S.K.: 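Below: one structure in structure tokens.
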Amino acid sequence: MPSTSPAEPDAARAERLSPGAGLLVGLVCLLVSFGALAGLPGATDGTKPVAIVFPPWTDGAEAVALSFAAGHRVLRSGRLGAIVVVAPTLNGQAPSLPKGAWFSLVLAGLAGCLDSPGRTEASS
């Protein structure tokens, strides 16, 4: 009885990207991510609540403490412990970032993404 060999070994192997092509794909993903981040509404003035985003390894209590230390009035934690929602500034000036914070975002249009579940702003 003749033996049957599997289909060509090369056909079963998945195609792989060359290191240069893999680097190009990674670079494109990074640029698209930075583009999306740049399109988010930043904290330009102090008239609206702001979500301050800390690195993901920052503990929630530490993020709140750093926000208080920078003079912010903390309203609540965000969906993740590394996100702190702070009240508008009293003088209407752009708020400064606390030590270790990556960036801040105005909650306009993002409240559902950054707020804790079950907590909503009081409507007027």
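No experiment lies behind these values; they were computed from the predicted model shown. Heads up: numbering here begins at 1 and tracks the sequence.
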S.K.: With sequence neighbours left out, write down each residue that passes side-chain contact (heavy atoms from CB on, under 4.5 Å) with Ala101, or none if nothing qualifies.
M.R.: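 Ala101: side-chain contact (heavy atoms from CB on, under 4.5 Å) contacts with Ile52, Phe54, Leu97, Pro98.
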S.K.: Look at the side-chain heavy atoms of Ile, Leu, Val, Met, Phe, Trp and Tyr, link any pair under 4.5 Å apart, and say whether Leu23 and Leu31 land in one connected group.
M.R.: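 In one cluster with Leu23: Leu31, no.
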S.K.: On a heavy-atom basis, which atom in Ala82 and which in Pro56 lie closest, and how many Å separate them?
M.R.: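 Shortest heavy-atom separation between Ala82 and Pro56 comes out as CB-CA, 4.1 Å.
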S.K.: Which pair of heavy atoms, one from Ala63 and one from Gly81, lies closest together, and at what distance?
M.R.: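 Scanning both residues completely, I find the closest heavy atoms to be CB-O, 3.8 Å.
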S.K.: When you measure from the side chain of His72 to the backbone N and O of Ser96, does any donor-acceptor pair fall under 3.5 Å?
M.R.: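 Yes, the answer is positive, given that a donor and an acceptor are paired below the 3.5 Å cut-off.
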S.K.: How would you list, by chain and number, every residue that makes a side-chain contact (heavy atoms from CB on, under 4.5 Å) with Ala61, sequence neighbours excluded?
M.R.: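 Here the qualifying residues are Asp59.
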S.K.: With sequence neighbours left out, write down each residue that passes side-chain contact (heavy atoms from CB on, under 4.5 Å) with Val74, or none if nothing qualifies.
M.R.: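 Val74 satisfies side-chain contact (heavy atoms from CB on, under 4.5 Å) with Val64, Ser67, Phe68, Val84, Val86 only.
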S.K.: When rounded to the nearest 0.5 angstrom, what is the spacing between CH2 in Trp102 and OG1 in Thr58?
M.R.: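 Those atoms lie 8.0 Å apart.
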